[in-house]
Amino acid sequence: MGTVNAMNTRSLGSLTVSAVGLGCMGMSEFYGTADEGEAIATIHRALELGCTFLDTADMYGPFTNEELVGRAIAGHRDEVVLATKFGNERRADGSWVGVNGRPDYVRWACDASLARLGIDQIDLYYQHRVDLAVPIEETVGAMAGLVDAGKVRHLGLSEAAPDTIRRAHAVHPITALQTEYSLFTRHVEEEILPTVRQLGIGFVAYSPLGRGMLTGAYRSPSDLPEGDTRAERYPRFAGDNFDQNLALVDNVRQLARRKGCTPGQLALAWVLAQGDDLVPIPGTKQRRWLEENVAGADVVLTSEDLAWIDRHVGTPAGDRYADMGTVDR
């Protein structure tokens with residue numbers, strides 16, 4: 001499998017990655033029925049297109065997403081920058097234990113992820129959620145030990161607050177912060193983005209398509225596929241919120257028509273336009289959507305376009321999670 005289209009790259013601190021990554025979560029859970037064959041084909045297509053920054057986590061599945069990604073990249077390890085996460089502890093039956101940042105758990109979780117992925121070293125290892133019961137210095141200290149042991153190349157945090165980021169970075173350099181960021185989720189612009197930029201930390205934007213809502217593919221919650229949990233887990237997909245948010249999506253669609261692109265491509269282009277230190281990781285489990293997403297990197301937004309978006313795409317209705325207690329900590 002050779003690369004047919006080398007995508008532009010961006011830097012997350014000292015780590016170079018493709019300008020658009022691939023979120024793999026939905027290949028195994030949360031977004032409807034899984035199709036492993038298509039999922040693996042999607043990852044292979046991503047590598048062909050130069051979309052080589054892959055994102056997974058131990059909790060996705062749980063555990064099965066790392067195994068899937070491991071099978072997909074077998075024989076292609078040198079082509080991939082692989083990120084995974086620990087800290088949202090789940091049992092094999094899918095039940096939730098809680099957020100866990102204890103040093104002994106950090107070490108155990110890393111070894112388990114390495115085994116499932118079938119690799120010797122993780123390129124970017126994130127704490128998935130901050131454990132308020134464990135000082136961040138202790139968690140990051142254990143993560144730094146994984147770097148010293150050669151099991152991890154770079155460290156990251158996810159959904160961490162500015163003070164937490166600063167304390168963590170003082171223990172060991174943090175390469176990237178992964179937090180939700182999209183046209184529908186812009187809270188990071190107030191304090192979080194300025195903090196990571198001051199510290200030289202890259203930013204990875206997850207759910208840059210508003211969990212699919214910004215693509216315009218869903219006109220009502222009933223359009224979600226069977227087994228999809230978005231309406232239960234994310235208030236923006238529920239009840240009256242959905243209808244209010246659809247009006248904002250229609251504004252995105254209006255500009256996308258003028259730009260000759262899809263609404264999803266416009267949403268990705270907007271994230272990419274916010275700075276060269278930002279990398280979106282839209283998730284998909286199908287090749288056709290992957291190819292559309294990758295092409296979003298070619299959409300150029302003018303200053304007039306960006307100003308129009310600021311005027312016409314406002315704050316969506318509903319929180320981004322049903323339980324906001326584990327984010328921005």
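Along the sequence shown, residues carry numbers from 1.
- A salt bridge links R167 and D163; the closest N-O separation between the charged side-chain nitrogens and carboxylate oxygens is under 4.0 Å.
- Transitive grouping of hydrophobic side chains (ILVMFWY, heavy atoms separated by less than 4.5 Å) brings L278 and L157 into a common cluster.
- Separation of atoms NE2 (H44) and CD1 (I73) is listed at 9.5 Å; rounding is to 0.5 Å.
- The nearest pair of heavy atoms linking N241 to P235 is ND2-O, 3.0 Å.
- The closest donor-acceptor contact from the side chain of T229 to the backbone of E232 lies at 3.5 Å or more, if one exists at all.
- R153 and Y125 share no side-chain donor-acceptor pair at under 3.5 Å.
- Using a 4.5 Å heavy-atom cutoff, the side chains of R90 and S95 are not in contact.
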Walk me through it: do R186 and D310 pass the test salt bridge (Lys or Arg N to Asp or Glu O under 4.0 Å)?
CA-CA 11 Å; R186 298 182 60 171; D310 284 342; 2.9 Å; yes
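- When all heavy atoms of P263 and V252 are compared, the closest pair comes out as O-CG1, 3.8 Å.
- Between L155 and A144, the shortest heavy-atom contact is CD1-N, 3.9 Å.
- For T9 (side chain) and S18 (main-chain N/O), no donor-acceptor pair under 3.5 Å exists by modelled atom type.
- Checking E66 against T84 by side-chain atom types alone, a donor-acceptor pair falls below 3.5 Å.
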Residues Q178, D55; criterion side-chain contact (heavy atoms from CB on, under 4.5 Å); working and verdict:
CA-CA 10 Å; Q178 181 179 140; D55 183 89; 3.0 Å; yes
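- The only member of L193, I192, L199 that meets side-chain contact (heavy atoms from CB on, under 4.5 Å) when paired with T195 is L199.
- In summary, D228 and R230 engage in a salt bridge, as defined by a charged side-chain N under 4.0 Å from a carboxylate O.
- The 12-atom threshold is exceeded at CG of D148, counting heavy atoms of other residues, nucleotides or ligands nearer than 6.0 Å.
- When every heavy atom of T64 is checked against every heavy atom of S28, the shortest pair comes out as OG1-CB, 3.9 Å.
- Note on V134: it does not cluster hydrophobically with L132, by side-chain heavy-atom contacts below 4.5 Å among ILVMFWY residues.
- Ionic pairing of R102 and E89 is not present here: no N-O contact between side-chain nitrogen and carboxylate oxygen is shorter than 4.0 angstrom.
- Between I201 and H169, some side-chain heavy-atom pair lies under the 4.5 Å cut-off.
- How far CD of E138 is from CE of M143: 14.0 Å, rounded to the nearest 0.5 Å.
- Side chain of R116 to main chain of E67: no donor-acceptor pair is present (N/O by atom type, distance under 3.5 Å, no hydrogens or angles).
- Defined by atom type and a distance below 3.5 Å, a donor-acceptor pair is present between the side-chain atoms of T185 and R236.
- Cluster annotation: Y105 is connected to V147 through the hydrophobic network of ILVMFWY side chains, with a link wherever side-chain heavy atoms come within less than 4.5 Å.
- A 4.5 Å side-chain heavy-atom check between V188 and E180 finds every atom pair outside the cut-off.
- A heavy-atom distance below 4.5 Å is not found between the side chains of I309 and N251.
- Cation-pi geometry between R320 and F184 is not met at under 6.0 angstrom from the ring centre and within 45 degrees of the axis.
- Using modelled atom types, one finds no donor on one side chain facing an acceptor on the other under 3.5 Å when comparing Q286 with T284.
- The closest side-chain heavy-atom distance from P282 to L268 is below 4.5 Å.
- Salt bridge status for D123 with R77: present, with a side-chain N to carboxylate O gap under 4.0 Å.
- Checked against V20 for a side-chain contact (heavy atoms from CB on, under 4.5 Å), the options L49, L272, I281 give a single hit: L272.
- Under the 30°/60° scheme for interplanar angles, the aromatic rings of W308 and H312 are found to lie parallel.
- With values rounded to the nearest 0.5 angstrom, D305 atom CG is found 5.0 Å from L255 atom CG.
- Judged purely by distance below 3.5 Å, without hydrogens or angles, the side chains of Y206 and E159 pair a donor atom with an acceptor atom.
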Using the side-chain contact (heavy atoms from CB on, under 4.5 Å) rule, take R129 and R329 through it: C-alpha gap first, then chi angles, then the decisive distance, then the call.
CA-CA 8 Å; R129 292 292 185 269; R329 297 169 70 158; 5.9 Å; no
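- Taken from CD in E36 to OG1 in T42, the straight-line distance is 12.0 Å, to the nearest 0.5 Å.
- The two residues N245 and A317 make their nearest non-hydrogen contact at OD1-N, 2.6 Å.
- Cluster membership check: M27 shares its hydrophobic cluster with V81, using side-chain heavy-atom separations under 4.5 Å among Ile, Leu, Val, Met, Phe, Trp and Tyr.
- Closest non-hydrogen pair, L248 versus T315, comes out as CD1-O, 3.8 Å.
- A 4.5 Å side-chain heavy-atom check between T52 and V17 finds every atom pair outside the cut-off.
- Between the side chains of S113 and D58, no donor N or O sits under 3.5 Å from an acceptor N or O.
- Sparse packing is recorded around CG of D240, with 12 or fewer heavy atoms of other residues, nucleotides or ligands lying under 6.0 Å away.
- Expressed to the nearest 0.5 Å, how far CD1 of I136 lies from CD of Q127 amounts to 4.0 Å.
- A cation-pi arrangement, defined by a distance under 6.0 Å to the six-membered ring centre and an angle within 45 degrees of its axis, is absent between R233 and Y321.
- Q274 is listed as a side-chain neighbour of L306, based on a closest heavy-atom distance under 4.5 Å.
- Distance check: L114 CG to C110 SG gives 4.5 Å after rounding to the nearest 0.5 Å.
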What do the steps show when you test K285 against D35 for side-chain contact (heavy atoms from CB on, under 4.5 Å), and what is the final call?
CA-CA 8 Å; K285 53 186 176 180; D35 180 339; over 6 Å; no
Working note: I40 + L68, criterion side-chain contact (heavy atoms from CB on, under 4.5 Å); need CA distance, chi angles, decisive distance, verdict.
CA-CA 7 Å; I40 289 176; L68 183 153; 4.3 Å; yes
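- The cluster map of Ile, Leu, Val, Met, Phe, Trp and Tyr, joined by side-chain heavy atoms under 4.5 Å apart, puts V99 and M25 in different clusters.
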